[in-house]
Amino acid sequence: MVDLEGLATLASQGWFDAVLCSFWFWRDPAPSAAELLLPTLLAHAPAGRRPFIGVLSDDAHSAKAAMMAEWEPTDERRAFWREKMRSLPPRQAAVYSLADAVVHISDADSRLERATFNGTARAWAVVRMSLRSFTRDDAAAGGRAAGGAQPAVAAPYAGFVGNGITPTNHLAIAWFLDKVWPLLRRRFPALRLRLVGLPPDDRPKRKHGQPCKPDAPTRCGWAWGTQYAGREAESGIDALGFVSDTQLVAELLSWRAMVVPILRSTGVNTKLLPALQWGVPIVLTTVAANPLAIPPDGSVALLADDEASFVTQLARVLDEPALWLSLSSASSTHWHTLLAADRDASDVRELMRLACAVRAAPEEARTLALPHAPRGAGHKLLSDLPLARPHPRSRCFSASAPAVLVAVHGASAGEGPALWVHELWEAICRHCELRCFHGSGGRRPRLRWDVIIEHELTLEPARLAHGAAAAAAVLAPRPLRIVHMASSQWHASLHYFERGSSLASTVMSESSHARLPAMLAAAGLPAASVLWRSHLDPLRNGSAAAAAAGVREMLGFLGVEEPDRERLASVAEDTYARFVRHPTSPQWLGCFLDSAADRDLPDGPRTFGHTSQSCAAACTGYPYLGLQGGGQCFCGRTYGSGHNHSRVSENRCGHTCPGEDGKSPPRWCGGGWRNAVYAQARGSSAAVSSGPRTGKGPGAVYGAARSE
């Protein structure tokens, strides 16, 4: 478990000048270390002390997923990798956009990633992995020097080292056994293939270690799915399993050659390193050779990229003693060349130079990616803040009701919690007769507002504080209050696999929670009387009473009188319980034609840049919402009426909305003059007032407005 609070404390004290954060998906779909740590590091660093952030990736993750989707032999495994092809790119782009540099462990991986993400990252660097951690003790060799005599064994050995659980390894050996081994055995009947490493085993863990059955329905053993399954030993195949370092060196020194038939790969094949150190001749593919700078001319190792080449090159090593001696010596020489470069640490020096240059530049130049929101949402919020009603009266307040900005981080909060906030404030505005604007503003200014529920805050704390101070001066004597509802970072991180682009929303949430009080104070607004903060936790059974208690506290801060406070807290509890019981996601209804002269859904903000979630928020109080042209949001009380609004195939409703790729069913964002129509799943508002709703669209008055 990562102690994010402890890390936040360290970050806030300015302890870090440079951070190199690992980034891999070993436990996917669980969040990576970078996805967990970067929001805290960035949000809590003191002004002027933001550390240099390097993201260290051990692989070209998206490229590897595409390779594996082509290579895997079964539909199930191909579907597994295709899902990674969909989910990983937005997560990588989100992380890279927060980093000062993306660091890879090989030039090949860096080139692959630049081709896809070059517009996302600020800088690219390569820090090749240190060979010193792979160096084996010389004593294990029993005194044999690289380039010495060929191994004296009764039968010639060729070998492979690798973890069979890794797909690139077991698929490589399956291909080798299927295509190459029959040809080699006919030519060299005594040849044996030595397989070092844990064998492939897709069975439940409780069955690992038990003998594999040749006809097992799931992968079990190196020869699974080949003609040699169940008769490995008689076919010259020796599966040795995991061995100690001493045993590995002794095994390597008995081989005539190491084979590395990795046809598709990213990262670095570290299995080559012990063979290079101990002067074992290697026959390998081009993709396995490139990351370790093995030249293609055969001077260090022999390249083979198909079955015929593997047979030819291995036959040369087995038949030509002079070639064997030359390759053995060349392997060892190349090892020492790599080791010398490792000791020189030139890659690390270059990265430190980059870090120093970044830290020396003005921090304002290192802008962070903003959360996805309708176009110009931040600017509209600053423009609309001074436009609140000057002297409203409300049944809920003994004096003038405050103007309230409710700041939410919808993408990272998730649909249930974020839309519950909108539903809650819908009820508060109805009961208290306030003008309530949902979403992120529309084409028109939010004139004479009482409450703005900003679904996705995109203003940095300093800009928001400055804008709030300017608005407070205009609105005085009416007070301005800010309700900030930060997202639960842990909850957000558990959903990055399906909402990959929500990381920027998490960073904005953490940054606002950490810095907004100080920024308000610096702008001349006392945070204690202006700002109310809480975390918007995921909806859970049994938590409705706690949610109501939080709402009661918030309403007290805003000055709501006691009877109304209790009544609204009860509404909050009922609304929360309803959200827990029922689906809160917009429900897909279909793709429908639209016309400029006859709008099917006539209301709404009509701005672009919406997702289905942000449009649902903007359409709070309406039963239906629609997205058109890739994210233009409309609201309505009916849909699909008339010949101008007939239903068409859903494939004519464009692509899925940005950041909603992983949601099911797909969240189409609409096409040209075609609405992707959804129903609000949460039902009608929890009204506690008998007053009728007047006006229409986001920003309508609820009840009858009193004289001002």
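Worth knowing before you read on, the calculation uses all heavy atoms, side chains too, and leaves out hydrogens, waters and symmetry mates.
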>> Tell me whether the count of non-hydrogen atoms from other residues, nucleotides or ligands lying under 6.0 Å of NE2 in His491 goes above 12.
In response: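 Yes - once you tally the heavy atoms of other residues, nucleotides and ligands closer than 6.0 Å, there are more than 12.
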
> Around His466, counting heavy atoms of other residues, nucleotides and ligands shown, do more than 12 lie under 6.0 Å from its NE2?
Replying inline: no

>> Are Tyr624 and Tyr678 an aromatic pair, judged by ring center distance below 6.0 Å?
In response: no

> Hey, would you say the His409 and His455 ring centroids sit under 6.0 Å apart?
Replying inline: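 When the ring centroids of His409 and His455 are compared, they turn out to be at least 6.0 Å apart.
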
Counting C-beta onward and ignoring hydrogens, is there a side-chain heavy-atom pair between [X] and [Y] closer than 4.5 Å?
X: Leu627; Y: Gln632; value: no
X: Met554; Y: Ser534; value: no
X: Glu35; Y: Arg91; value: yes
X: Phe579; Y: Leu419; value: yes
X: Arg478; Y: Pro390; value: no
X: Leu601; Y: Tyr639; value: yes
X: Glu423; Y: Thr620; value: yes
X: Ser543; Y: Asp537; value: no

> What do the steps show when you test Leu520 against Ile482 for side-chain contact (heavy atoms from CB on, under 4.5 Å), and what is the final call?
Replying inline: CA-CA 10 Å; Leu520 287 170; Ile482 299 174; 4.1 Å; yes

Atom of [X], atom of [Y] and distance for their closest heavy-atom approach:
X: Ala617; Y: His438; answer: O-CB, 3.2 Å
X: Leu480; Y: Ala471; answer: CD2-CB, 4.4 Å
X: Tyr496; Y: Pro31; answer: CD1-CB, 4.3 Å
X: Cys619; Y: Gln680; answer: O-NE2, 3.1 Å
X: Ala373; Y: Thr458; answer: CB-CG2, 3.6 Å
X: Ser505; Y: Pro371; answer: CA-CG, 3.8 Å

To the nearest 0.5 Å, how far apart are [atom1] in [X] and [atom2] in [Y]?
X: Ser394; Y: Glu561; atom1: OG; atom2: CD; answer: 9.0 Å
X: His422; Y: Cys436; atom1: NE2; atom2: SG; answer: 9.0 Å
X: Arg86; Y: Lys84; atom1: CZ; atom2: NZ; answer: 10.5 Å
X: His44; Y: Leu4; atom1: NE2; atom2: CG; answer: 8.5 Å
X: His391; Y: Leu475; atom1: NE2; atom2: CG; answer: 10.0 Å
X: Arg652; Y: Trp668; atom1: CZ; atom2: CH2; answer: 14.5 Å

Checking the side chain of [X] only, and the main-chain atoms of [Y] only, is there a donor and an acceptor separated by less than 3.5 Å?
X: Ser511; Y: Val507; answer: no
X: Arg393; Y: Ser400; answer: no
X: Thr9; Y: Glu5; answer: yes
X: Asp100; Y: Ile53; answer: yes
X: Glu363; Y: Ala47; answer: no
X: His431; Y: Ala427; answer: no
X: Arg375; Y: His610; answer: no
X: Arg122; Y: Ala99; answer: yes
X: Ser487; Y: Ala413; answer: yes

> Step by step, would you call Cys653 with Cys669 a disulfide (SG to SG under 2.5 Å)?
Replying inline: CA-CA 7 Å; Cys653 257; Cys669 236; over 6 Å; no

>> Before you tell me yes or no, could you show the steps for Cys615 and Cys635 under disulfide (SG to SG under 2.5 Å), namely the whole-Å CA-CA distance, both residues' side-chain angles and the distance that decides it to 0.1 Å?
In response: CA-CA 8 Å; Cys615 187; Cys635 315; 5.4 Å; no

Could you tell me whether [X] and [Y] make a salt bridge, using a distance below 4.0 angstrom between a side-chain N and a carboxylate O?
X: Asp564; Y: Arg395; answer: no
X: Arg674; Y: Asp594; answer: no
X: Glu562; Y: Arg552; answer: no
X: Glu415; Y: Lys663; answer: yes

I'd like to know if the side chain of [X] pairs up with that of [Y] as donor and acceptor (distance under 3.5 Å, no hydrogens or angles considered).
X: Ser614; Y: Glu456; answer: no
X: Gln489; Y: Thr506; answer: no
X: Glu660; Y: Ser612; answer: yes
X: Ser595; Y: Asn644; answer: no

>> Applying the salt bridge (Lys or Arg N to Asp or Glu O under 4.0 Å) criterion to Asp450, which one of Arg481, Arg435, Arg389 satisfies it?
In response: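 When salt bridge (Lys or Arg N to Asp or Glu O under 4.0 Å) is applied between Asp450 and each of Arg481, Arg435, Arg389, only Arg389 qualifies.
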
>> Using the salt bridge (Lys or Arg N to Asp or Glu O under 4.0 Å) definition, which of the options Arg448, Arg446, Arg444 pairs with Asp384?
In response: Arg446

>> Go through it in stages, so that I can follow the logic: the residues are Asp661 and Ser87, the test is side-chain contact (heavy atoms from CB on, under 4.5 Å), and I'd like the CA-CA distance, side-chain angles, deciding distance and then a yes or no.
In response: CA-CA 8 Å; Asp661 290 344; Ser87 66; over 6 Å; no

>> Walk me through whether Leu38 and Val95 qualify under side-chain contact (heavy atoms from CB on, under 4.5 Å).
In response: CA-CA 8 Å; Leu38 291 193; Val95 169; 4.0 Å; yes

>> Does Leu503 form a side-chain contact (heavy atoms from CB on, under 4.5 Å) with Met508? I'd like the steps, not just the answer.
In response: CA-CA 9 Å; Leu503 186 63; Met508 183 64 73; over 6 Å; no

>> Show, in sequence, the C-alpha distance, side-chain angles and deciding distance for Phe25 and Phe497, and conclude whether the ring-ring contact (aromatic ring centres under 6.0 Å, His included) test is met.
In response: CA-CA 10 Å; Phe25 297 98; Phe497 74 97; over 10 Å; no

>> Evaluate Phe437 against Trp449 for ring-ring contact (aromatic ring centres under 6.0 Å, His included), listing each step before the verdict.
In response: CA-CA 7 Å; Phe437 284 75; Trp449 63 270; 7.9 Å; no

